Amino acid sequence: MIEVQNLTKQFGSTTVVNDLSFELGPGSVLGFLGPNGAGKSTTMKMITGFLTPSSGSVHIQGYDISSHRQAAQAEMGYLPEGAPSYEEMTVAAFLKFIAKVRGARGALIQQWVDRVTDTVSLRGVLHQRIETLSKGYKRRVGLAQALIHDPSILILDEPTDGLDPNQKHQVRQMILDLSDQKIVIISTHILEEVSAVCSRAMIINAGKIVLDDTPEGLCQRAEGHLSVSLRINGVGDEALSQACSALPQCGRVALIDGGGVLIYPAEALGDPLAALQEMMKANHWQAEWIQQHEGQLDELFRNATGGRLQ
Amino acid sequence: MKNVTIILNREFASYFTTPVAYVFILVFLVLSSAFTFYLGQFYERGQADLLPFFNFHPWLYLFLVPSVSMRLWSEERASGSIELLLTLPITLWDAILGKFLAAWLFTGLSLLGTFPLWLSVNYLGEPDNGAIAASYVGSWFMAGAFLAVGCCLSALTKSQIVAFILTGTVCLMLVLAGFPLVLNFFQGWVPALILDLIAGLSIIAHFMAISKGVLALTDVIYFAAMIGLWLTLTRLVLQAKSAD
């Protein structure tokens with residue numbers, strides 16, 4: 001259980017986190033969304049006890065982070081932004097160090113390291129220095145140290161930032177696998193990530209929660225999510241537009257300046273792509289180009305904040 | 001205490017995974033010997049002691065110790081690993097002491113590397129080995145005081161260069177506090193009590209006593225207090241601005 005009450009952080013006269021409150025129970029994955037400087041990382045830093053709040057409180061499994069910092073920190077695994085580590089160490093030496101600090105002794109140290117190496121697939125680079133690893137591997141080392149003591153709470157600051165699509169998929173799958181009994185908080189810029197792993201999403205702007213919803217709810221608000229832009233060789237845009245409008249999976253269809261059509265899904269979270277491909281096949285149409293779009297966080301923000309975003 | 005040991009072990013090992021340790025030990029050994037034989041006129045004095053060796057330690061430490069201490073916290077800040085370290089279930093003291101002790105043991109190891117000098121002087125004559133042992137301990141304590149200063153100033157900044165320069169400067173002032181250069185500046189307009197206090201702060205006065213082989217309790221307390229004070233200041237600095 002994480003209880004955050006009226007959490008506020010001021011640096012000088014700037015309020016970075018403004019009166020944030022929420023509660024999370026086991027099995028929930030919370031996604032923090034927001035632009036840079038929205039206060040996501042600062043909130044995570046206060047939850048993990050790295051920063052002292054200006055006011056408000058954080059309770060981790062009943063422990064107050066300000067008065068029982070160590071007990072609360074022992075319950076959490078934390079991946080700070082950018083996955084920092086001691087880069088001159090080998091992966092094995094680094095994970096052993098974390099295991100020891102996290103309380104493992106004797107044979108347990110190796111057990112923990114072995115288990116987590118398998119979980120995040122680090123076996124092949126175990127004896128390499130961290131500084132020689134690619135960004136993706138460094139991120140996995142960061143995840144490994146956060147997971148090593150099998151914590152009940154995971155705080156991951158941008159866990160997929162800078163990873164390639166395959167690695168992103170792996171990390172998301174891992175978070176999903178872990179999330180059954182754990183509480184997970186991740187921060188991200190990527191809308192897709194929220195729908196892939198989160199059970200709850202919170203949009204933060206200027207230190208305030210502007211939207212607290214399920215991922216489905218968020219996507220509905222993001223206009224143009226899963227919309228498809230398309231142009232067919234030898235078929236006029238008008239004719240194409242009419243053909244698309246006839247499909248039940250397609251909603252509004254608009255002509256694109258300079259050629260092609262833009263097809264919105266008929267309902268939120270509906271995906272018109274498969275139906276469009278079916279239609280093209282049936283008519284023996286060749287696409288000149290076809291592209292599917294994701295709902296943009298920016299748009300979502302404008303909707304959520306009524307255009308009051310700076 | 002267990003956590004201190006874990007941090008200490010990691011820090012100590014990290015000195016030897018980069019060339020820093022080897023360069024430092026080499027430079028320390030070469031310079032301390034060069035000072036002893038050329039500037040200290042070890043042979044010409046015709047006395048079986050290590051006074052010319054120890055006399056140069058305060059000056060040697062002025063730039064060598066900051067080069068060890070500058071990375072203690074600056075590096076953690078620059079790489080962001082400070083956030084990892086301070087969200088592990090350890091106290092701030094665990095982290096500070098672990099790091100400081102690792103650096104202190106490392107300088108101790110470098111100091112032990114000068115044992116051929118001790119062998120030489122024993123081969124050449126019959127020195128007071130008790131006095132030499134006391135001097136070694138005193139020199140190590142002085143290195144500890146410098147390191148504690150460096151630890152605190154390194155916690156202030158992300159830049160190791162800035163930490164190096166600040167530490168060198170503050171240590172220089174602490175060394176010079178007992179010299180006429182500084183004391184003359186204050187003489188005449190500062191009460192005698194304060195003047196004594198400034199002179200009393202001088203590292204060199206306390207080290208001179210020790211380097212002559214007298215390990216007095218007051219000198220040991222002085223160095224221990226210096227270390228304690230600067231490590232406490234380190235803690236305050238980290239509490240105030242760990243996130244910058």
Side-chain angles (χ1 to χ4, degrees), chain A residues 9 11-12 16 41-42 44-53 60 63 65 68-90 93-105 109 129-131 138 141-142 145-146 148-149 151 153 155 157, chain B residues 1-24 68 71-99 102-103 106 155 158 160 235-244:
Chain A
K9 181 74 189 177
F11 291 116
V16 182
S41 291
T42 309
M44 289 182 152
K45 283 172 185 171
M46 286 192 282
I47 293 175
T48 52
F50 181 60
L51 280 181
T52 316
I60 305 291
Y63 298 112
I65 192 79
H68 296 79
R69 193 167 63 89
Q70 278 175 274
Q73 284 174 332
E75 297 287 335
M76 287 183 280
Y78 178 38
L79 172 73
E81 194 175 3
S85 62
Y86 294 111
E87 301 217 338
E88 78 280 2
M89 298 176 92
T90 64
F94 176 65
L95 292 179
K96 277 182 191 162
F97 163 69
I98 300 288
K100 283 187 226 166
V101 177
R102 291 287 188 184
R105 297 286 178 269
I109 299 171
R129 282 196 190 186
I130 298 172
E131 62 197 356
K138 283 183 185 171
V141 172
Q145 63 78 20
I148 199 157
H149 55 302
I153 295 171
I155 316 279
D157 200 347
Chain B
M1 203 54 215
K2 257 181 197 150
N3 288 334
V4 175
T5 319
I6 297 168
I7 308 270
L8 190 160
N9 286 339
R10 196 210 73 76
E11 287 283 327
F12 193 76
S14 82
Y15 283 107
F16 294 93
T17 54
T18 59
V20 174
Y22 304 102
V23 171
F24 177 86
V68 175
R71 55 168 287 281
L72 282 176
W73 290 100
S74 300
E75 196 179 38
E76 297 258 1
R77 273 191 193 289
S79 76
S81 56
I82 188 171
E83 195 170 342
L84 180 74
L85 182 67
L86 298 185
T87 51
L88 291 171
I90 57 171
T91 64
L92 208 45
W93 273 124
D94 290 337
I96 293 168
L97 284 179
K99 277 172 166 292
F106 174 71
K158 263 185 190 160
Q160 296 196 28
R235 186 164 185 273
L236 291 177
V237 169
L238 287 173
Q239 274 175 335
K241 50 176 288 177
S242 55
D244 295 1

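On a predicted model such as this, the values are computed, not experimentally measured, just so you know. Each chain gets a letter, A, B and so on, in the order the sequences are listed, and its residues count up from 1.
A donor-acceptor contact shorter than 3.5 Å is absent between the side chain of B:S81 and the backbone of B:L84.
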Are B:Y15 and B:F24 close enough, and set up right, to give a ring-ring contact (aromatic ring centres under 6.0 Å, His included), and what steps lead you there?
-> CA-CA 10 Å; B:Y15 283 107; B:F24 177 86; 8.6 Å; no
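Using a 4.5 Å cut-off between heavy atoms, A:I98 contacts chain B through its side chain alone, with no backbone atom that close. Looking at A:E75, there are no atoms closer than 4.5 Å to chain B (heavy atoms on both sides), in backbone or side chain. If you measure heavy-atom distances from B:E76 to chain A, the contacts under 4.5 Å come from the side chain alone.
Note on A:E87 versus A:K138: salt bridge recorded, some NZ/NE/NH1/NH2 to OD/OE distance being below 4.0 Å.
Between B:E11 and B:R71 the shortest side-chain heavy-atom distance falls below 4.5 Å.
For the set B:N3, B:D94, B:T91, B:I7, the count of heavy-atom pairs under 4.5 angstrom toward chain A peaks at B:T91. Per-residue heavy-atom pair counts under 4.5 Å with chain B were compared for A:G49, A:P80, A:A74, and the maximum is reached by A:P80.
A:H68 and A:Y63 have tilted rings, their planes meeting at an angle from 30° to 60° on a 0 to 90° scale.
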